[in-house]
Amino acid sequence: MKIEKDTVVQFHYVLREGDRELESTRDGDPMAYLHGHGNIIAGLEQAMAGRQAGEQFSVTVPPEQGYGQRRDNASQRIPLKHLQGAKKWRPGMVAWVRTEQGTRQVTVVKVGKFNADCDLNHPLAGKSLGFEVEVVSVRPASAEEVAHGHAHGVGGHHH
Ligand code: ZN
């Protein structure tokens, strides 16, 4: 079947910025997402539409269809206990922070005793992202997945 709204897609990807490899699923499970719900960046989701299992393709996603442009003055002081992903923080490290809009990535700029100054820009903001994608499987989403707005199972969401 083809990728369309309310299908669950498993795919492998390699993400590059220029020649630099930033992320890859090749050494592990493929990633899974529920198509048509904005769960992956817009430029990649658009490129996925209509593809089938076994297809391979490359796509370059500009910042406006990716993680947006970098904003200046996007710094915020965050209590260390709210930063997730490491025990000790150093400038340049990427942390996860839970917000009302969901979990987001921030970059630690300066670390104090109880707080860290963090850059709220997504680490990939302002970048053109090159994806090499292999579609592994496409299946209809379950009613539960559609209700939750995300994929379950391998590579997807676990409760
Ligand atoms: Zn769920």
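Counting starts at 1 for both ligands and their atoms, in listed order.
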* Asked: Is R16 paired with E132 through a side-chain N to carboxylate O contact shorter than 4.0 Å?
  ->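 Answer for the salt bridge query: yes.
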* Asked: Near K5 NZ, under 6.0 Å, is it more than 12 heavy atoms from other residues, nucleotides or ligands?
  ->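 Atom NZ in K5 is packed in, count exceeds 12.
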* **Closest H150 atom to the Zn ion (ligand 1) [N, O or S only]** =>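 Of the nitrogen, oxygen and sulfur atoms in H150, the Zn ion (ligand 1) lies nearest to NE2.
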* Asked: Considering only N, O or S atoms, which atom of H152 is nearest to the Zn ion (ligand 1)?
  ->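 Nearest N/O/S atom: NE2.
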* Does some side-chain heavy atom of V136 sit less than 4.5 Å from a side-chain heavy atom of V9? ->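 They are not in contact (no side-chain heavy atoms under 4.5 Å apart), so the answer is no.
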* With the Zn ion (ligand 1) at the center, what angle do ND1 from H148 and NE2 from H159 span, rounded to 10 degrees? ->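 With the Zn ion (ligand 1) as the vertex, the angle is close to 110°.
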* **Pair H152-H158, side-chain donor/acceptor within less than 3.5 Å** =>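 H158 and H152 do not have a side-chain donor-acceptor pair below 3.5 Å.
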